[in-house]
Asker: 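Dumping the structure here so I can ask a few things about it.
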Amino acid sequence: MLEFDITKRRGAFELRAKASIGENVTGVLGPSGSGKTTLLETICGLTKPDRGHIRIGDELLFDSSKRVSLPPEKRRIGCVFQAPRLFPHMTVDDNLLYGWRRVPEHQRRFRVAEIIDLLQIGDMLARDVAGLSGGEAQRVAIGRAILISPRLLVLDEPLQGLDAGLKRPILKFLRRINAELQIPMIYVTHSTAEIQALGNDVMMLDGGRVVAEGTMAEMTADAESFELASRLGFRNHL
């Protein structure tokens with residue numbers, strides 16, 4: 001369980017977010033500028049909140065009152081961004097193993113061959129990353145994030161800019177990762193279709209606030225969240 005209650009100000013914008021997230025894939029939706037990326041950065045440790053706390057299970061990642069602030073490399077959170085951000089001077093294999101080699105052996109949850117097989121990237125291990133397609137590069141980025149044996153996987157619009165033909169297999173891989181490897185995920189997107197493909201849990205942000213949590217059906221059934229849900233593309237279907 002990830003639980004947070006944080007405040008972070010950036011200029012005129014202020015994020016004030018409080019929520020608890022479970023073991024499934026939780027989609028984070030909201031208009032542009034609602035604070036989605038800022039929230040992910042605070043969870044991963046890339047941005048320090050002004051006050052509040054963040055905890056996974058019994059471990060505090062951040063607590064302003066106790067002066068606790070773990071650096072990103074100590075949080076064991078795998079991050080995947082819009083751009084794959086692979087190391088350009090390394091092969092696919094070296095990218096995959098970069099974080100894995102830095103994880104103590106007793107903390108490694110997955111075998112390298114297992115992840116390579118799951119993501120179907122075994123035929124590209126010796127390739128330079130510059131020659132990868134968008135979908136291939138994103139699969140390598142996901143594999144690199146998994147191989148640090150994270151207790152949480154955070155994805156910030158990882159399929160942005162990819163066509164539908166590339167999105168479908170990656171969404172399939174992410175479903176398998178959550179189901180078979182039991183890694184909880186926070187998945188930021190503008191696409192309700194992607195959330196529906198991955199699961200049914202949703203958290204909505206608006207104006208730097210968590211305004212609703214629940215299933216997609218609950219979002220459209222609740223009067224307070226219905227207007228925002230409609231603007232974000234939620235639909236009821238019979």
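Position 1 is the first residue of the sequence; numbering continues from there. Just so it is clear, the model here is predicted, and its values are computed rather than measured.
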Asker: Could you walk me through whether Y187 and I195 pass side chain to side chain contact (heavy atoms under 4.5 Å, CB included), step by step?
Answerer: CA-CA 8 Å; Y187 188 94; I195 297 301; 4.1 Å; yes
Asker: When clusters are formed by joining ILVMFWY residues with side-chain heavy atoms under 4.5 Å apart, either directly or through shared neighbours, do L97 and F110 land in the same one?
Answerer: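 Yes, it is one cluster - the side chains of L97 and F110 are joined through contacts under 4.5 Å.
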Asker: Could you check whether any side-chain heavy atom of L125 comes within less than 4.5 Å of a side-chain heavy atom of T91, counting everything from C-beta outward?
Answerer: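 The answer is no; the side chains never approach within 4.5 Å.
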Asker: Do any pairs count as a salt bridge (Lys or Arg N to Asp or Glu O under 4.0 Å) and have a residue in residues 180-205, sequence neighbours left out, and if so which ones?
Answerer: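 Listed once each, the pairs are K167-E194, R176-E180.
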Asker: Is the shortest side-chain heavy-atom distance between S64 and D50 below 4.5 Å?
Answerer: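 Answer no - side chains too far apart.
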Asker: CZ/F4 to OG1/T42 distance, rounded to the nearest 0.5 angstrom?
Answerer: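 F4 atom CZ to T42 atom OG1 measures 7.5 Å (nearest 0.5 Å).
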Asker: Could you check if a side-chain atom of L96 sits within less than 4.5 angstrom of a side-chain atom of I115, using non-hydrogen atoms only?
Answerer: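 When only atoms from C-beta onward are counted, I115 and L96 do not touch, as no gap falls below 4.5 Å.
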Asker: Kindly compute the distance separating CG (L61) from NE2 (H53), expressed to the nearest 0.5 Å.
Answerer: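 Rounded to the nearest 0.5 Å, the CG-NE2 separation comes to 10.5 Å.
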Asker: Specify the closest pair of heavy atoms between R139 and L119, including all atoms of both residues, with the distance to one decimal.
Answerer: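 Reported closest heavy-atom pair: NH1-O, 3.0 Å.
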Asker: Where is the tightest heavy-atom contact between G131 and E136, given as atom of each residue plus distance?
Answerer: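 Of all heavy-atom pairs spanning G131 and E136, the closest is O-OE1, 4.5 Å.
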Asker: Answer whether the closest heavy-atom distance between the side chains of T192 and V202 falls below 4.5 Å.
Answerer: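 The answer is no; the side chains never approach within 4.5 Å.
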Asker: Taking W100 as the starting point, is it possible to reach L153 by hopping between hydrophobic residues whose side chains are less than 4.5 Å apart?
Answerer: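 Result: yes, single cluster for both.
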Asker: Quick one: do H190 and S32 satisfy side chain to side chain contact (heavy atoms under 4.5 Å, CB included)? Show the steps, please.
Answerer: CA-CA 9 Å; H190 284 97; S32 296; 3.7 Å; yes
Asker: Which pair of heavy atoms, one from P184 and one from R151, lies closest together, and at what distance?
Answerer: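 In this case the closest contact between P184 and R151 is CD-O, 3.4 Å.
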Asker: CD of E3 to CZ of R55: how many Å apart, nearest 0.5 Å?
Answerer: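 One finds 6.5 Å between CD of E3 and CZ of R55.
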Asker: Take T189 and L198, measure what side chain to side chain contact (heavy atoms under 4.5 Å, CB included) needs, and give me the verdict at the end.
Answerer: CA-CA 12 Å; T189 181; L198 289 171; over 6 Å; no
Asker: Heavy atoms, side chains only, cut-off 4.5 Å: are L159 and R168 in contact?
Answerer: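 Counting from C-beta outward, L159 and R168 never come under 4.5 Å.
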Asker: Do Y98 and I116 belong together in a cluster built from hydrophobic side chains that touch within less than 4.5 Å?
Answerer: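 No, no single cluster joins them.
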Asker: Pair Q138, F173 - check side chain to side chain contact (heavy atoms under 4.5 Å, CB included), show working.
Answerer: CA-CA 11 Å; Q138 202 62 287; F173 293 135; over 6 Å; no
Asker: Considering only heavy atoms from C-beta outward, does the side chain of L2 approach that of T26 to under 4.5 Å?
Answerer: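 L2 does not reach T26 side chain to side chain.
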Asker: Report whether L60 and L39 are members of the same hydrophobic cluster (ILVMFWY, side-chain heavy atoms less than 4.5 Å apart, transitive linking).
Answerer: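 Shared cluster, no.
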Asker: Look up atom CG in L40 and atom CD1 in I186, then write down how far apart they are to the nearest 0.5 Å.
Answerer: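 It comes to 6.5 Å.
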Asker: Who passes side chain to side chain donor-acceptor pair (under 3.5 Å) against R144, sequence neighbours left out?
Answerer: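 Expected list: N95.
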Asker: Does R108 have more than 12 heavy atoms from other residues, nucleotides or ligands lying within 6.0 Å of its CZ?
Answerer: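 More than 12 heavy atoms, drawn from other residues, nucleotides or ligands, come within 6.0 Å of this atom.
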Asker: Crowded around R67 CZ? As in, over 12 foreign heavy atoms under 6.0 Å?
Answerer: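 Atom CZ in R67 is not crowded, with 12 or fewer foreign heavy atoms closer than 6.0 Å.
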Asker: Give me the atom names and distance for the closest heavy-atom approach of M203 to V210.
Answerer: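 The pair with the smallest heavy-atom distance is CG-CG1, 3.6 Å.
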Asker: Tell me, do L174 and V25 make a side-chain contact under 4.5 Å, heavy atoms counted?
Answerer: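 The answer is no, as the side chains (C-beta and beyond) never meet within the 4.5 Å cut-off.
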Asker: Do the non-hydrogen side-chain atoms of D206 and P31 ever get within less than 4.5 Å of each other?
Answerer: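 Heavy-atom side-chain distance check passes, below 4.5 Å.
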Asker: Under a 4.5 Å side-chain heavy-atom rule over Ile, Leu, Val, Met, Phe, Trp and Tyr, are I121 and I148 clustered together?
Answerer: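 Per the 4.5 Å side-chain linkage, I121 and I148 are not co-clustered.
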Asker: Going by salt bridge (Lys or Arg N to Asp or Glu O under 4.0 Å), name the pairs with one or both residues in residues 20-49, residues two or more places apart or in two chains.
Answerer: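 Those involving residues 20-49 are R10-E41.
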Asker: Measuring from I177:CD1 to M185:CE, what's the distance to the nearest 0.5 Å?
Answerer: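 Output value for this atom pair is 5.0 Å.
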Asker: For residues A145 and V80, report the shortest heavy-atom separation together with the two atoms involved.
Answerer: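 Smallest heavy-atom distance, with atoms named: CB-CG2, 3.8 Å.
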Asker: Of the non-hydrogen atoms in A19 and E213, which two are nearest, and what is the gap between them?
Answerer: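 Distance-wise, the nearest heavy atoms are CB-OE1, 3.5 Å.
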